[in-house]
Every structure is written in structure tokens, then in C-alpha cells.
Amino acid sequence: MTSANSNPKVRQGKFYFRNFISLFLVSSVLLEFISGLTLYFAPSGRVAQTMSWELLWLNKTQWEAIHTVFGLLWIPILATHIVFNWRPILSYLKNRSTKTFAFKRELLVALLLTVFFALGSLYNWPPVKQVMDLSESMSSFWENRGRSAGYFIPEETEVHPETAAAAPSTSQTGSVVNPPAEAATSSEVSTKRGFGKYTVKSWADENKVELQTALKRLADQGIVTSPDES
């Protein structure tokens with residue numbers, strides 16, 4: 001007689017949770033790798049927003065969401081995977097002859113590498129330093145490319161007008177004074193980012209600047225443009 005376990009029809013109708021966890025773990029690791037690699041080479045947030053940067057029709061915020069969500073999903077997935085494979089994991093830590101716990105070289109090397117890369121990330125040791133330097137150079141590449149394409153990309157150290165209004169400044173006499181209110185509330189200072197998405201008219205309307213005034217100021221700087229030009 002054919003047993004139920006050997007019947008192909010019975011096996012096809014059964015859902016194997018252990019198999020599902022392993023396959024889902026592989027697919028999520030692959031997507032986490034792709035999103036992590038994308039974010040590694042992506043421009044910084046202010047540059048990505050200004051340039052409307054996208055990869056595979058997804059912007060940086062969406063890639064960050066994917067990377068974060070699947071990173072959090074790893075917690076229950078890995079926990080379940082460990083439960084299902086608890087005996088094989090324990091066998092890695094046991095002496096085959098005595099069947100007792102043994103501090104094997106593999107465990108020691110794994111712990112040392114984990115500590116090394118953790119400290120390397122904190123103190124910028126090689127080769128972690130070279131890895132992070134490459135990411136910084138990619139950010140600079142995107143920033144320079146954006147400026148070359150005509151985007152207005154604010155400097156990283158630029159103070160937001162609202163922040164400048166709230167932060168006290170120090171006078172030449174050493175006393176702390178607050179900046180003039182009109183300097184922080186000037187209608188001609190844009191507090192927005194992502195100027196590449198604006199037209200001259202939409203920027204002028206948002207900042208309450210007369211369109212003809214904006215066009216004249218641009219012309220004075222040698223920039224001849226039209227209201228609908230970005």
C-alpha cells in the first residue's frame with residue numbers, strides 16, 4: 001500500500017512551514033542586499049530630494065522604507081529559523097566524541113570578527129574606513145553632478161531660517177543676543193528644499209515674491225528665463 005506521506009497529491013496540498021521560513025529568509029536577504037547596496041551608492045537625502053533621484057522607479061525614501069521593513073522582518077524570521085534548526089546549531093558547539101559543549105575555533109573566530117567589525121564601525125578602523133569613504137565619495141559625486149545639472153543644492157552646513165531665528169547669537173562684546181525677527185521671517189528666503197521641482201512662477205508664488213521682480217533679479221544675474229522654466 002502507498003502511504004499518505006509518499007502520495008504526491010497529499011504532499012502537494014500540504015504547507016510546509018519550515019520550507020516557507022527558509023525560502024522567505026533567502027528572498028528577504030536578497031531584497032535587503034539590493035536595497036542596502038542601493039542606499040550605499042545613493043546621494044544624500046538633501047541631494048536626492050532636490051534632484052528627484054530615483055532607481056528602478058523608486059526614490060530614496062521608498063528604498064529606505066524597504067530596507068527598514070525587511071530589516072525588522074529579519075527578527076521574527078531568524079528567531080523562527082533558529083527554533084527550527086536548534087539541534088543542528090547546538091551540534092556546532094558540541095564535541096563529537098564527548099557530546100558536551102566545546103569552545104571551538106569556529107566560534108572564537110566568529111566572535112572575534114563580530115567584535116572587530118563592530119569596533120571598526122565605531123572607531124573608523126580599516127577596512128571599514130575605506131568602505132565608508134567610498135560611500136562619502138559617492139555622495140559628493142551626486143552633489144557635484146546635481147550642481148552641474150543646474151540644481152540649487154544647499155550646503156550641508158546651511159542654517160535653516162527657522163533654526164536661525166530660534167538660536168541665539170553672540171555679539172562682539174560677548175553678550176548673547178537674538179537675531180532680528182525680520183531676518184528670519186523674510187518672505188524672500190525660501191525655507192524649502194528640492195528647488196529642481198519648482199518653476200520660477202511656483203517658487204515666486206510660494207515665497208510671496210512678485211513674478212516680474214523675480215525675473216528681473218534673475219536677469220540682473222545674467223539668467224534669462226521664463227515663468228514656467230524650472
Side-chain angles (χ1 to χ4, degrees), residues 4-94 96 101-143 145-146 193-194 197:
N5 291 334
S6 61
N7 191 332
K9 294 183 178 180
V10 174
R11 292 182 62 84
Q12 289 176 3
K14 187 176 181 180
F15 186 85
Y16 292 90
F17 194 72
R18 183 191 295 267
N19 296 356
F20 158 73
I21 288 296
S22 298
L23 294 173
F24 187 68
L25 181 62
V26 171
S27 61
S28 63
V29 167
L30 180 61
L31 190 54
E32 189 76 356
F33 168 75
I34 294 173
S35 60
L37 196 63
T38 299
L39 293 174
Y40 179 78
F41 289 106
S44 62
R46 59 193 171 86
V47 178
Q49 182 181 359
T50 301
M51 295 176 59
S52 300
W53 181 88
E54 290 184 350
L55 181 66
L56 298 178
W57 305 283
L58 300 178
N59 59 37
K60 186 176 182 181
T61 301
Q62 291 171 319
W63 278 111
E64 288 174 341
I66 291 174
H67 193 72
T68 301
V69 168
F70 277 89
L72 293 174
L73 279 175
W74 274 11
I75 299 174
I77 295 172
L78 285 175
T80 307
H81 186 73
I82 291 173
V83 170
F84 283 153
N85 296 278
W86 185 244
R87 288 185 178 179
I89 292 174
L90 286 180
S91 67
Y92 298 154
L93 305 176
K94 289 182 179 179
R96 291 185 178 181
F101 174 80
F103 199 83
K104 294 185 176 181
R105 288 175 294 181
E106 294 84 354
L107 176 60
L108 178 61
V109 173
L111 292 176
L112 288 176
L113 281 177
T114 301
V115 172
F116 172 78
F117 282 108
L119 292 177
S121 302
L122 292 174
Y123 297 105
N124 208 24
W125 293 346
V128 178
K129 181 181 184 302
Q130 284 72 20
V131 172
M132 300 309 297
D133 286 346
L134 177 59
S135 181
E136 289 295 327
S137 66
M138 289 302 302
S139 296
S140 299
F141 163 79
W142 285 112
E143 187 168 342
R145 182 174 180 178
R193 294 293 184 261
K197 298 180 180 179

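Predicted model only: the values in this text are computed from it and were never measured. Computed over heavy atoms, backbone and side chain alike; hydrogens, waters and symmetry mates excluded.
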(message) Please report the interatomic distance CD1(I89) to NE2(H81), rounded to the nearest 0.5 Å.
(response) 6.5 Å
(request) Tell me, please, which residues at least two apart from H67 pass side chain to side chain contact (heavy atoms under 4.5 Å, CB included). (result) E32, S35, L39
(request) Working to the nearest 0.5 Å, report the span between CD1 of I82 and CD1 of I77. (result) 12.0 Å
(request) May I ask you to decide if W53's main-chain N or O and K60's side chain share a donor-acceptor pair within less than 3.5 Å? (result) no
(message) Tell me which pairs pass salt bridge (Lys or Arg N to Asp or Glu O under 4.0 Å) where either residue lies in residues 109-126, with sequence neighbours left out.
(response) none
(message) If the condition is side chain to side chain contact (heavy atoms under 4.5 Å, CB included), which residues does E106 pass it with, not counting sequence neighbours?
(response) K104
(request) Please answer whether the main-chain N or O of S135 pairs with a side-chain N or O of S139 as donor and acceptor at a distance below 3.5 Å. (result) yes
(request) Flag the pair F70 / L30 as yes when at least one side-chain heavy-atom distance between them is below 4.5 Å, and no otherwise. (result) no
(request) Assign the ring pair F17 / F15 to parallel, tilted or perpendicular, where the plane angle (0 to 90°) is split at 30° and 60°. (result) tilted
(message) Using 30° and 60° as the class boundaries, would you call the ring planes of F24 and F20 parallel, tilted or perpendicular?
(response) parallel
(message) With heavy-atom distances below 4.5 Å as the criterion, would you say the side chains of V29 and W74 are in contact?
(response) yes
(message) So, using side chain to side chain contact (heavy atoms under 4.5 Å, CB included) as the criterion, who are the partners of Q62 when residues are at least two apart?
(response) L58, N59
(request) Hey, could you give me the OG/CD distance between S44 and Q49, rounded to the nearest 0.5 Å? (result) 10.5 Å
(request) Check the surroundings of atom CZ in F41: do more than 12 heavy atoms from other residues, nucleotides or ligands lie under 6.0 Å from it? (result) yes
(message) Is there a side-chain contact (heavy atoms from CB on, under 4.5 Å) between V47 and F141? Walk through the geometry before answering.
(response) CA-CA 10 Å; V47 178; F141 163 79; over 6 Å; no
(request) Kindly say whether V131 contributes a backbone atom to a donor-acceptor pair with the side chain of Y40 at under 3.5 angstrom? (result) yes
(request) Return the minimal non-hydrogen interatomic distance between T80 and P76, and the atom names on each side. (result) OG1-O, 2.8 Å
(request) State whether the side chain of W142 and the backbone N or O of M51 hold a donor-acceptor pair below 3.5 Å, judged by distance alone. (result) no
(request) Return each pair, listed once, that meets salt bridge (Lys or Arg N to Asp or Glu O under 4.0 Å) where at least one residue sits in residues 118-136; pairs must be two or more places apart or across chains. (result) K129-D133
Could you pull out every donor-acceptor pair under 3.5 Å between side chains of residues 114-122 and any protein atom, sequence neighbours left out?
residue, atom, partner, partner atom, Å
T114, OG1, A110, O, 2.8
S121, OG, F117, O, 2.7

(message) Test of understanding: with side chain to side chain contact (heavy atoms under 4.5 Å, CB included), list the residues that count as partners of L112, not counting sequence neighbours.
(response) L108
